[in-house]
J.: 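Just passing along the structure, written as structure tokens.
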Amino acid sequence: MGGTRRAHQKSRAGCIECKRRRIKCGEEKPRCHQCKKYDKSCEYAGSTLGPSTPSTRSSVQLHPDTEPLSQRTSTTPVPSISSVPSSSAHIPSSLFDAQDLSLFHHWCLTTSISIVNTRNLDHLWQTTLPKIGFRHIYVMHSLLSLSALHIAYLDPFEKHSNILNAAQHHSKALDGFRQDIDYISPENCDGLFVNAILIFLYTFITFGKLYDPAIDSKVGPRILGADWIPLMRGVGIVLQVGYEHITAGPLNSLLSIGNWMELCPDPESDPDDKHIVRIREVWNQGDNAAVYDETLELLRKCRAWIIQFEKMHVEDTSEWGHSRSWTGPFLWLFLAPQRYLELLAQRQPSALLIFAHFGATLHAIRQYWWIDGCSKSIVDVVSESLGPYWDHWMEWPKQVVER
DNA sequence: CAATACGCAACTCGACATCC
DNA sequence: GGATGTCGAGTTGCGTATTG
């Protein structure tokens, strides 16, 4: 005791173990010096820890009523699980507030089995994903955000507050994703991959039926890729590094692409194929024609993929493991050429037109609640962006989404 | 004696006030 | 409006007591 203390530089993002032990963390990644020295598992919080978030040492975070949900905005850091470590062994239960636990309960009982609603795959959403969520807190945030959106979808009276709550969790899920993607390893590639899918679902849901102009004034840019195009690149990086590990693990079934490679667009089984094919006239021989042609062929394939499941008998889909029609949009978005996504971001008319036809294609799988309303939003936003000059080419997508 | 626990000084940073 | 200062809540990690 006595004397002056040694001056020191404070870190702001030390690892969970060093914080718990109240010792200096050098923040080396993937393992800090202290954790290496004492052979501890070194985990960094999956979300940004705002300077004003309550101390992780105090256990006062079980306080659902201290801040009305309606006052929670994306710029107001929500106390509670923002600093939960990514290891289940280190999650103090007091860091979850009662509302989060309620959302988790809803995920396990209801939302998880509503995503694809197929017996063979429900287990993955209901059990495997929460397990990954215990290891990677950003995945847990994603699960909670989808759960909140699902409640908002089911109960219009609770819509506004649940959408706000979902936005909070989504923002933390994104923060964690951004942090972890710089350190892809066998330990986190499952978490990163599954989080990308969940973030994607979130994006779809929020510009579908649950779109709320009071909360989100920039739906147009979001629908046209402001959110999901950068995410697409992230998924590509995760799969480049972790593909073998993911396919060898519990998420294997999410990566299985069945007969996609052999699938051929078939005008006979798709009566609307002519509407898709005809938009080639728009870019015929012009700049980027090859990119648009390739993207359009992928879209036709995506339609063939969805249609084959519509026509399958239940016993056939069970042979497949489950109906995979819901994966169609993901496959198209993921396989679309990078150049196409750039052209879409630039709002080139041909790219927008293809995207509107993709929107119309989504209409075929609107039985999934998370896609309900997306097709109309996409077509509306594209139509507004293109203007009346393109109405002739937008006729069919507009018709489809009004059905 | 090394590892762990934790009191509390030092520090950070947002909010607000004041001045230019 | 921007720059600067002050305040105080919250966070970090030094240094020491305790434990095995």
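Each chain gets a letter, A, B and so on, in the order its sequence line appears, and its residues count up from 1.
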J.: To the nearest Å, how far apart are A:R21 CZ and C:dT12 P?
T.: 16 Å

J.: Base of B:dG7, side chain of A:R22 - is there a donor-acceptor contact under 3.5 Å?
T.: yes

J.: Apply the test ring-ring contact (aromatic ring centres under 6.0 Å, His included) to residues A:W396 and A:H357: give CA-CA distance (whole Å), side-chain angles for both, the deciding distance (0.1 Å), then the verdict.
T.: CA-CA 8 Å; A:W396 178 76; A:H357 285 69; 5.5 Å; yes

J.: Between A:D391 and A:K398, is the closest basic N to carboxylate O distance under 4.0 Å?
T.: yes

J.: Please name all residues satisfying ring pair (Phe, Tyr, Trp, His ring centres under 6.0 Å) with A:W283, sequence neighbours left out, ordered by chain then number.
T.: A:Y292

J.: Rounding to an integer number of Å, can you tell me how far A:I23 CD1 sits from B:dA9 P?
T.: 21 Å

